[in-house]
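Chain letters run A, B, ... following the sequence lines, proteins first, then strands; residues in each count from 1. Since this is a predicted model, take the numbers as computed values, not measurements.
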Amino acid sequence: MTQVNRLDGGLIDRNTPLSFSFDGRQLTGYAGDTLASALVANGIRLVGRSFKYHRPRGIISAGSEEPNGLVELRSGARREPNSRVTMTELFDGLDARSQNRWPSLGFDLMSVNDRLSSFLGAGFYYKTFMWPKKFWELVYEPIIRRAAGLGALSGEDDPDVYDRGYRHCDLLIIGAGPAGLMAALTAGRAGAEVILVDEDFRAGGRLTLETHDVGGMAGCDWADSAIAELSTMDNVRIMPRSTAIGVFDHGIYSVVERVADHLAVPQPGKPRQILWRVYAKRALLCAGATERLIAFDNNDRPGIMQAGAVRGFVNRYAAAPAERIAIFTNNDDGHRTAVDLAAAGIDVTAIIDSRDEAPASDVAEVLRGSVVSNSSGRLGLGHVTVRMAGGGHRHLDCGALAVSGGWNPNVHLTCHHRGRPVWQDDIAAFVPGDGGPAGLAVAGAARGIFSTAGALADGQAQAIAQLAEIGITAAASKMPEAESDDINITPMWHVGGTKRAWLDQQNDVTVKDIRQAHQENFRSVEHLKRYTTLGMAGDQGRTSNVLGLSIMAELTGKTIQETGTTIYRPPYTPTPIGVFAGRSTGADFRPTRLPPSHHWAVEQGAVFVEAGAWLRAQWYPREGETKWRQSVDREVLATRQSVGVCDVSTLGKIDIQGRGAAEFVNFVYSNGFATLPVGKTRYGLMLREDGMVMDDGTTARLGEDHFLMTTTTANAGGVYRHLEFVRQCLRPDLDVQLISATDSWAQFAVAGPNSRAVLQQLVDPQHDISNEAFPFMACGNITVCGGLPARLFRISFSGELAYEIAVPARYGDAMIRALMTAGEPYDITPYGTEALGVMRIEKGHVTGNELNGTITARNLGMEKMVSKKKDSIGAILSGREALVAEDGLCLVGLQALNGTDVTAGSHLFAVGTPVDAKHDQGYVTSAAYSPHLEASIGLGFITNGAARHGEIVRAMNPLQGRSAELKIVSPHFIDPEGDRLRA
Amino acid sequence: MPRLTPTTALGGTAPRIDEIGGLRITEIADPSLAALAMRAKKNAAFTKAAKAAFGANLPAPNTAAMTDRHAVIWMGPDQYLVEANSADASLAGTLADNFGSAASITDASDAWVRFDLTGSDNIAMLERLSAADSRSMTAGTATRTPIHHMACLILCREAGASFSIYGPRSSASSLHHALITAAASL
Amino acid sequence: MIIPHPLLGPRDSQEFVYLGDASLINRPDWQAGDAADSFYEYQYLRDNPAGTHRELWYHEMGDRSWLIVTRNTVTHEIISAELANRQTAAAKTKSSRAGGRK
Amino acid sequence: MRYSGFRILKEGLTGNKGWRPAWRDPNPKPAYDFIVIGGGGHGLATAYYLASQFGQSSVAVLEKGWIGGGNVGRNTTIIRSNYLLDGNEPFYEFSLKLWEGLEQDTNYNSMVSQRGVFNLYHSDGQRDAYRRRGNAMMLHGADAELLDAEQLRAECPFLNFDNARFPIMGALVQRRGGTVRHDAVAWGYARGADALGVDIIQNCEVTGFRIQNGRCTGVETNRGFIAGRKIGSAVAGSSSRVMQAAGLRLPIESHVLQAFVSEGLKPIIPGVITYGGGHFYISQSDKGGLVFGGDIDGYNSYAQRGNLQVVEDVCEGGMSMMPLIGRARMVRMWGGIMDMSMDGSPIIDRTPIDGLYFNGGWCYGGFKATPASGWCFAHLLATDTPHETATAYRMDRFRTGHMIDEKGSGAQPNLH
């Protein structure tokens, strides 16, 4: 319970103690702590193990760049591997465990890798593990895979939900440090729509971690006052706990808001996180800078940290990383740490400053021109070795080493469009270059302006400039007073040594690895990265890249600018996959379309099937039916013998009107439509311009200038788009208006010899639907049930005497019930998509199984339907030589012999030929059991099929070890003459 | 001969109403709608007929002309959706008479489901659903926009206070689910 | 991306469906002697420039307009967006004035 | 220098001072018998096989940037030969066989891992199409299995069998499919080719072709003119740009395909899994990262980066297929330029210009094709006849109607 390293002061709420556990140890922190600060306060330095060598790892930062402090957070299905302790707000009951160690964090057997490191250098795995060949999958890889990875997923479905959101603004400000806050005040006061996002739960950025004053008050108080003022503005939205993770084209920013990560469990129904898509006219990146370390031998011991993080823990969280702390710096900023530590009563062992001209210090001894050359201590820092300016070494006792190697501006978002940063010598760092995303400006430390006063002024100036570009005038205001110190850096990248000096602490990339990569000619930065994995850790190299580049630059004799950088990519910080998916997961992955009879079908106990976006009744089981085939066979037979009814509302319906409607329809179908009489329906074949069949359906002429086209269910959207393309882009000369009518109508196929008798009970008596008055392919507007407008089509997919009756969708439920009542005397049977499929195969109608995008009209035996006398889409290219070859595929019917079954997906072979690809003659597209023929039948394509009716072929299905003997027949198994249709 | 009784798009006999937090989501049972499209080269006749039929000028893109009897919503170039303020089964027929050969008219009453959204949190809810900038919408702003992969229409009736959401009728359940889920997640 | 719709203003490209090179509006003459060749070239060959590209986008989730968007394929910068039917109509007038395409 | 465990031991004991450059950085010679444009996987493989299989020693690879910097270094590392059509399947099966012996051949461990490729199906129609495809694979001598839902559940219990918008009904599996460490493929070929005398010339951009009397005699580069007897272009992604310099228009568009990787995680996914209800596929690298992707963004692009809606679409598919990845964090997204052809299949052919050969149009299937593409292109360059498995990859097939359209999407590249 004791927080051994807890100091006085800080921005924590001592009235709200929080208990948490780490590796099973019960500990206490306070509201306002992060898990990192609470661990520091509790004296815990060792928090993890590195990736390759399983070296002990401690926290090195206080921010989102943390590469080492990764834990498994929470338990059960909410377990979150690789959670950065620095970004985890402490909450009561928080449960965290270290990862990538066995059996324990303190005693990790895998750390044997560290002893073998001479053999595990950069790319060692490319050079071995090749013999014997089979051993890769059997032996080596399983071992490597088990050893690799850091944390583990729970293996259970993520129980939380995620939302998406969309916001618009004039100016998006990324980061609520001094630059961001000043920019927000400036823009907010000017009345601009402002969104201010910050990844922290407390605004202020570095101001929350520092002690210096702004505007005559503590920096964090100034930040609070700025937030207070901004909160009163309706035009300003402040989003804490929100990280701008990516910049996309044209001012689209993705911002992840962590709504509930600071709670044990999100509130019911509410999201864990929200992915905001922010549409910003302009944006200002005020993301600050990240302090870098200096490479020296064994610089990876827990306790060796960024200097700014050390004082941040002390100042904001009142948590001391150690009782005695040494400082290693190459710039003035390191000295600020010494002042803050001393003020907090911490013993500053010494300031080791690599600069010969280092300033003096009131609080500690300054070792000028000296460097830290090694460290020691078991599982954490105990001593550092200092190589003194004049030679010789000194050993210093310290529990922590605060390292300042200079600051890298957080330029990442400026590189998301592949812009490259440029090197700025005076701060020894990359700053944003040209070629950043349009509309994104940068202010403050993110472009190398490190002083508080500089950041405040730049925030204001950049805000004014950005708003001016979109016509908003913002006024400058008096700047609050703040420090304006230079950091006076003299670059110092690494201290020469004989041991390993770490660059990327997560992935275990050392200076030696860079040397070896250079030696093996992996010198381009991209080769370097890929060969050594430098910068491929979760921080995308924020803590390691510049160091690595500086070393490669030394080796090649180039400058760092010439050496170049790899490209920062989104997301800025690691982001859960779940939040990108939002609510579109599981059953809500895509919306579901329900046909008008859906609720009725549910009452009937129907079994449903996903048909594209639709949910359709597949069959309607009756009591006693235990196998689907029983239901389907019954539905087919009942329809063919008496009457069946099926909801076909899902077929696409496109209303086509205008003086040019006939010419338009005639142009999009390959067969002729210009002469279709009013009141008639015709089958239409629609080709793509490349000559392949795109879709088919029946189109009715409801009036001289009015057509109603039907499409297949699957292609409704695509055909509509195609028609709009033709209307707007190819034939703007025609007077045509299109409107989708799919959802407007509830349409039912009423099929079977008694279909007319059933319908006659519902159709208003003034409409004669006798065979004479309303023959096959007739259509018309009628009324039913006492004046309700309806449409009737005499069309048939089943091959029976059949109608399709359409009523406004709101009457669909009533209509199916009315049909069932009217059909009672005939034992009317509702049928689902399976029976529909059986009957269309029996009739030889093609669907998506056949129309697979590689099929021509000729393949279907419909080459005569491609008129050569008119201009229509697809006619020209369907005449290419390979598409009119004599031995092309041809649609045939297939009937199984000798008790075998037709199986869709089987390949067809002539009897007596070898079964191999060379002798493959075609394939089966559709198969069904025909209860009517009491046979297994199907459709398929086979070379020269039209001439082969009667031939027996073999259908091979080696995938399932099956074969069948099939007879090639006409695809019209039922009523080839069409007598039933016309009855 | 049976008389047929309509159902709402959600499949009920009465419209569905949900109150969640500060939001009220109301299914409108039987909107009377017609799709109105100008025929080629009939600009003058079309404009004139529109003025006579609606007593208002045709709306500009992104807007709807709101009158006592109709909302005329811009849907596309030379295309409009006419909404009758009270149930009017003859809307399409009347418009056909009004416009004659200047327009193509299609009854669209059954093409859509409509939910009305009122309450204090509706902007917060809409910004979880749609990329449309609902915060800046004024009365009569009409935007076609996807909501959870559905092609929808948001019509602002009173800035910040009252909106109608139109979606494809066959997707009514999915749209309703999206709306109440968003309302509950605020 | 954001498409600057000529009628509706800026709209997220998510509302659109992309087709390809705007040359697809220039469908060849089906009766010309070289129709087979010209349709092949029309359908299959592309300039595919690294730079300015005129291309067709369909506002599927919006007003169902086909747009011709001029966009830089290297930077994604959009230079202009126009209604395709105006372009097509203009092109047709022009080509008929010029005596039709060869 | 031969790589082996023994060599690692020896070097490790002597301070790792003896490692030699994996390839040289030679200056270009004035002339070569063969010039391969493009130092990506296909170009390097072509050079390697020209040297190793066809005995050619005067070979140069010209790379405008750093080798392996194109799609071989930015893909999702999947290998498979689960194709349907006669024009494709023998080629990809040839490629898979080459993968199976690649490491021993090049003495470079590219971690060819045959952990299996699972393509899920969600409807009877999809199952029938997979059955046809699986049978085609077997008829061509490849391996395939069709699993039903219960068989699939036994292997991948974490898939969303119970609450899916599109129910998972089973999978077509190719056990010999899997993944390969992508960068290592480029480096292995480069090292192998270099050892056989091939000049790999980085930072050498081809800016034009010297064409005289219908014959290509060399290339102009930023490092001067280089003469070549035969010149092959293997610059997928940039094919149109490069071939435009020779005055050719191609049946190709360039599109962006994005890919994604998570932080390192302990093993959880066995092989490669492809969702059939949306756009999503995933595998787990040996390092532990979940490597996943989906569909191309859909618009012409040379930007090597994509947009948010596709990121969301991919993750929607992923979460729908396997909701256990929700709390895994993505660390990086990136994009590559895909040579999208008009039928979704590649071209390996002569051009109308003598001495100039073309290899491209790989859509987003180029990585798995690398060995066979290199071999077949080397065959074409060396012998002027197509390799027996690549006879269908003709440039004129669209004119004659011999498209190889696996998806049946027609002449719209962004749908393949």
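Side-chain atoms of C/E60 never come within 3.5 Å of backbone atoms of A/G717 as a donor-acceptor pair (strictly under, hydrogens ignored). The closest donor-acceptor contact from the side chain of A/H250 to the backbone of C/H76 lies under 3.5 Å.
Heavy-atom pairs under 4.5 Å with chain C were tallied for A/E689, A/H417, A/E724; the largest tally goes to A/E689.
No more than 12 heavy-atom neighbours from other residues, nucleotides or ligands sit within 6.0 angstrom of NZ on A/K869.
Between C/Y40 and A/R880 there is no side-chain heavy-atom pair separated by less than 4.5 Å. Considering only heavy atoms from C-beta on, A/F725 comes within 4.5 Å of C/L24 through its side chain.
Neither the backbone nor the side chain of A/K281 comes within contact range of chain C; no heavy atom of the residue lies under 4.5 Å from a heavy atom of that chain. Only the side chain of A/R277 comes within less than 4.5 Å of a heavy atom of chain C; its backbone N, CA, C and O stay farther away. When heavy atoms are compared at a cutoff of 4.5 Å, A/R727 does not approach chain C at all. Residue contact with chain A, scored on non-hydrogen atoms closer than 4.5 Å, involves the backbone and the side chain of C/S65 alike. For C/I78, the parts sitting under 4.5 Å from any heavy atom of chain A are the backbone and the side chain alike. With a threshold of 4.5 angstrom between heavy atoms, C/Q31 does not approach chain A through any atom at all. Proximity to chain A is limited to the side chain of C/L19, based on heavy atoms less than 4.5 angstrom apart. For chain C, the nearby part of A/Y279 is the side chain; its heavy atoms alone come within less than 4.5 Å. At a 4.5 Å heavy-atom cutoff, the contact between C/Y58 and chain A is made by side-chain atoms alone.
Nearest heavy-atom pair, C/R64 versus A/Y720, reported as atom, atom and distance to 0.1 Å: NH1-CE2, 3.2 Å. C/A35 and A/I876 make their closest contact through O-CG2, 3.9 Å (heavy atoms, listed as atom of the first residue, atom of the second, distance). Between C/A36 and A/L877, the closest heavy-atom pair is O-CD2, 4.3 Å.
Between the CG atom of A/L730 and the CG atom of C/N26 there is a distance of 9.5 Å, given to the nearest 0.5 Å.
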Exercise. Does the side-chain contact (heavy atoms from CB on, under 4.5 Å) test come out yes or no for A/D871 and C/R27, once each step is laid out?
Worked result: CA-CA 11 Å; A/D871 190 8; C/R27 190 169 175 273; 3.1 Å; yes
Problem set entry | Evaluation steps, side-chain contact (heavy atoms from CB on, under 4.5 Å), between A/D690 and C/Y44 | CA-CA 9 Å; A/D690 69 353; C/Y44 288 107; 3.4 Å; yes
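Ion pairing of C/R71 with A/D249 is absent here, as no side-chain N (NZ or NE/NH1/NH2) approaches a carboxylate O to less than 4.0 Å.
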